[in-house]
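To start, the structure under review is shown below, and the notes come after it.
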Amino acid sequence: MVTEFTPVSAAIGGALIGIACTLLLVLYGKIAGISGIVKSVFAKANSGSRWQLYFILGLLLAGVAVRVFAPSLLEGELQLSPWLIIVAGLLVGVGTTLANGCTSGHGVCGMSRFSTRSWVAMCTFMLVAIITANLVG
């Protein structure tokens, strides 16, 4: 895990996320909310539109590509129990369901469209993340 903040890599990553979200919105008229995309893959298995599946496969393949071509970006280790990680993942799933979206949908797409609901959701997400980080870490 990379622990040093680098403005250049953060700017490049943010620009790539923004470009990907813009392309998805312009080309397909869809919001790039990961929780919604994952949910739609399981809900619409026979819909004929497979862009959601390709989107998720691209995310997974990007992780594999980083592991193969730039493993130094994955340095460090996570010192949490597997059960704590599973519980945290379930809580994130419950939170995104209650908020009707996740940080990518609300934070990248919703806030850029000045959605009040997205601003409230992101403030809530960040507040809970700060509290959790101080309790766990």
Side-chain angles (χ1 to χ4, degrees):
M1 180 182 315
V2 177
T3 57
E4 294 182 27
F5 173 75
T6 59
V8 173
S9 64
I12 291 171
L16 290 173
I17 291 170
I19 290 169
C21 291
T22 301
L23 287 174
L24 187 62
L25 184 62
V26 170
L27 297 176
Y28 295 99
K30 304 290 182 187
I31 299 295
I34 303 304
S35 62
I37 291 172
V38 170
K39 189 185 304 180
S40 68
V41 166
F42 294 107
K44 298 179 182 177
N46 297 321
S47 69
S49 176
R50 297 185 184 262
W51 71 267
Q52 298 98 336
L53 183 60
Y54 296 140
F55 192 93
I56 293 169
L57 285 175
L59 291 175
L60 295 173
L61 290 175
V64 172
V66 168
R67 169 67 78 188
V68 171
F69 298 111
S72 64
L73 295 175
L74 302 173
E75 291 178 355
E77 62 184 69
L78 191 59
Q79 298 182 0
L80 296 174
S81 75
W83 288 109
L84 186 58
I85 294 172
I86 291 170
V87 169
L90 290 173
L91 289 174
V92 168
V94 169
T96 58
T97 300
L98 291 173
N100 199 21
C102 59
T103 52
S104 57
H106 285 300
V108 176
C109 299
M111 291 178 76
S112 65
R113 295 182 304 135
F114 302 108
S115 165
T116 302
R117 183 179 73 166
S118 292
W119 281 89
V120 171
M122 285 306 301
C123 288
T124 305
F125 292 162
M126 291 300 117
L127 178 64
V128 172
I130 290 168
I131 292 169
T132 303
N134 283 299
L135 290 176
V136 175

Please round to the nearest 0.5 Å and tell me the distance separating atom [atom1] of [X] and atom [atom2] of [Y].
X: Thr103; Y: Phe125; atom1: OG1; atom2: CZ; value: 7.0 Å
X: Cys123; Y: Leu127; atom1: SG; atom2: CG; value: 9.0 Å
X: Leu84; Y: Leu91; atom1: CG; atom2: CG; value: 9.5 Å

Co-membership, hydrophobic cluster, residues [X] and [Y], 4.5 Å side-chain:
X: Leu60; Y: Ile17; answer: no
X: Ile34; Y: Leu24; answer: yes
X: Leu16; Y: Val8; answer: yes
X: Phe69; Y: Val64; answer: yes
X: Leu59; Y: Val38; answer: yes

For Ala32 and Ser104, which heavy atoms make the closest approach, and how far apart are they? O-OG, 3.5 Å
Mind listing the closest non-hydrogen atom pair of Ser112 and Val108 along with its distance? OG-O, 3.0 Å
What pairs with Leu23 under side-chain contact (heavy atoms from CB on, under 4.5 Å), at least two apart in sequence or on another chain? Ile19, Leu27
For a quick test of your reading: what N or O donor-acceptor pairs under 3.5 Å do the side chains of residues 92-102 make, sequence neighbours left out?
{"residue": "Thr96", "atom": "OG1", "partner": "Val92", "partner atom": "O", "Å": "3.2"}
{"residue": "Thr96", "atom": "OG1", "partner": "Gly93", "partner atom": "O", "Å": "3.0"}
{"residue": "Thr97", "atom": "OG1", "partner": "Gly93", "partner atom": "O", "Å": "2.8"}

Would you say the side chain of Met111 lies within less than 4.5 Å of the side chain of Met122, judging by non-hydrogen atoms? yes
Trp119 side chain near His106 side chain, heavy-atom distance below 4.5 Å: no
Without swapping roles, check the side chain of Ser118 against the backbone of Gly107 for a donor-acceptor pair under 3.5 Å. no
